[in-house]
Amino acid sequence: MTLTTLLPTLRASIPDPIAADHWPAGTHATLTDIVVDGVSLHDLALLCTTPCVHLAEASRGPISVVVTTVLEAFTAADGTPTLVLDADLAGAGTAWRELRLLGRASRARCVPTAVCVRDAHLRAAGEAWLPGDVAVGDQLGVPCRGALTRHDVEPAARGARAGRRG
């Protein structure tokens, strides 16, 4: 448990710590961003449309850091906050506990949040602990094992590839 977990208002003055074993070497958090190999994930998302992917090397092999945008945010029937992302990260070796809000410092408490992708249907991708005020338009960054490309995480591309196989 970190200080920013216990007192979320501290996120306005100290960065939320990251688990270094899930991120490429040299990655560091700022108040509103994650910087990987000198590349700001927030700035990367501003330059490219999301989902976007930054590939970096780590001691255990390549790590892809995906930046995604929240397309929908709602509370499920069971009361669970649910986010629909523009990236399909199911099966991508995603470190869900490292999913990070980019572009702003939230003072809201972190809550267990269902993460989904919408292609033809709404599909669950994972669960993360995120600030309770994450909303449509917010950008999130997350490390994934292996060398991914943008094509690998686009929901339409995954559906198209699956359709061609059958």
Side-chain angles (χ1 to χ4, degrees), residues 2 4-5 8 11 15-73 80-106 108-119 122-158:
T2 65
T4 55
T5 303
R11 283 193 219 110
D16 239 349
I18 61 171
D21 57 328
H22 290 288
W23 295 90
T27 299
H28 69 276
T30 70
L31 293 178
T32 60
D33 204 356
I34 300 289
V35 179
V36 180
D37 290 338
V39 176
S40 156
L41 295 183
H42 180 65
D43 289 350
L44 178 66
L46 292 175
L47 291 171
C48 308
T49 58
T50 62
C52 55
V53 179
H54 177 71
L55 181 61
E57 274 303 313
S59 59
R60 298 171 321 280
I63 294 180
S64 299
V65 183
V66 178
V67 181
T68 181
T69 299
V70 177
L71 299 178
E72 299 175 47
T80 303
T82 302
L83 304 176
V84 178
L85 306 180
D86 69 350
D88 186 354
L89 300 173
T94 306
W96 289 112
R97 70 182 178 125
E98 287 298 304
L99 191 61
R100 300 301 168 133
L101 177 63
L102 304 173
R104 67 181 179 90
S106 172
R109 288 207 177 276
C110 287
V111 295
T113 304
V115 180
C116 300
V117 65
R118 186 180 301 280
D119 42 25
L122 184 65
R123 288 186 292 115
E127 183 180 272
W129 281 79
L130 288 169
D133 65 350
V134 173
V136 171
D138 279 337
Q139 293 174 337
L140 305 170
V142 63
C144 302
R145 286 188 307 272
L148 299 175
T149 66
R150 180 179 177 152
H151 186 74
D152 294 325
V153 299
E154 288 180 315
R158 283 194 170 204

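Predicted model only: the values in this text are computed from it and were never measured.
- Using modelled atom types, one side-chain atom of Arg150 and one backbone atom of Pro51 make a donor-acceptor pair closer than 3.5 Å.
- For Thr68 (side chain) and Val66 (main-chain N/O), no donor-acceptor pair under 3.5 Å exists by modelled atom type.
- Rounded to the nearest 0.5 Å, atoms CG (Asp86) and OG1 (Thr50) are 3.5 Å apart.
- The two residues Pro81 and Pro112 make their nearest non-hydrogen contact at CD-O, 3.5 Å.
- Under the 3.5 Å distance criterion, the side-chain polar atoms of Glu98 are left unmatched by any main-chain donor or acceptor of Trp23.
- Remark: the backbone N or O of Val70 is not paired with any side-chain donor or acceptor of Asp138 at under 3.5 angstrom.
- When all heavy atoms are compared, the tightest approach of Ala108 to Gly132 is CB-N, 3.8 Å.
- Other residues, nucleotides and ligands contribute at most 12 non-hydrogen atoms within 6.0 Å of the CZ atom of Arg145.
- Residues in residues 31-40 take part in these side chain to side chain donor-acceptor pair (under 3.5 Å) pairs, two or more places apart or across chains: Asp33-Ser40.
- Listed for the Thr94 side chain is no donor-acceptor partner under 3.5 Å among the backbone atoms of Cys144.
- Listed by chain and residue number, nothing satisfies the salt bridge (charged side-chain N to carboxylate O under 4.0 Å, His left out) test with Glu57 (two or more places apart in sequence, or in another chain).
- Within the 4.5 Å cutoff, side-chain heavy atoms of Asp88 are placed close to those of Arg123.
- Side-chain contact between Ile18 and Arg100 is present, with at least one heavy-atom pair separated by less than 4.5 Å.
- Of all heavy-atom pairs between Val136 and Ala73, the closest is CG2-N, 3.7 Å.
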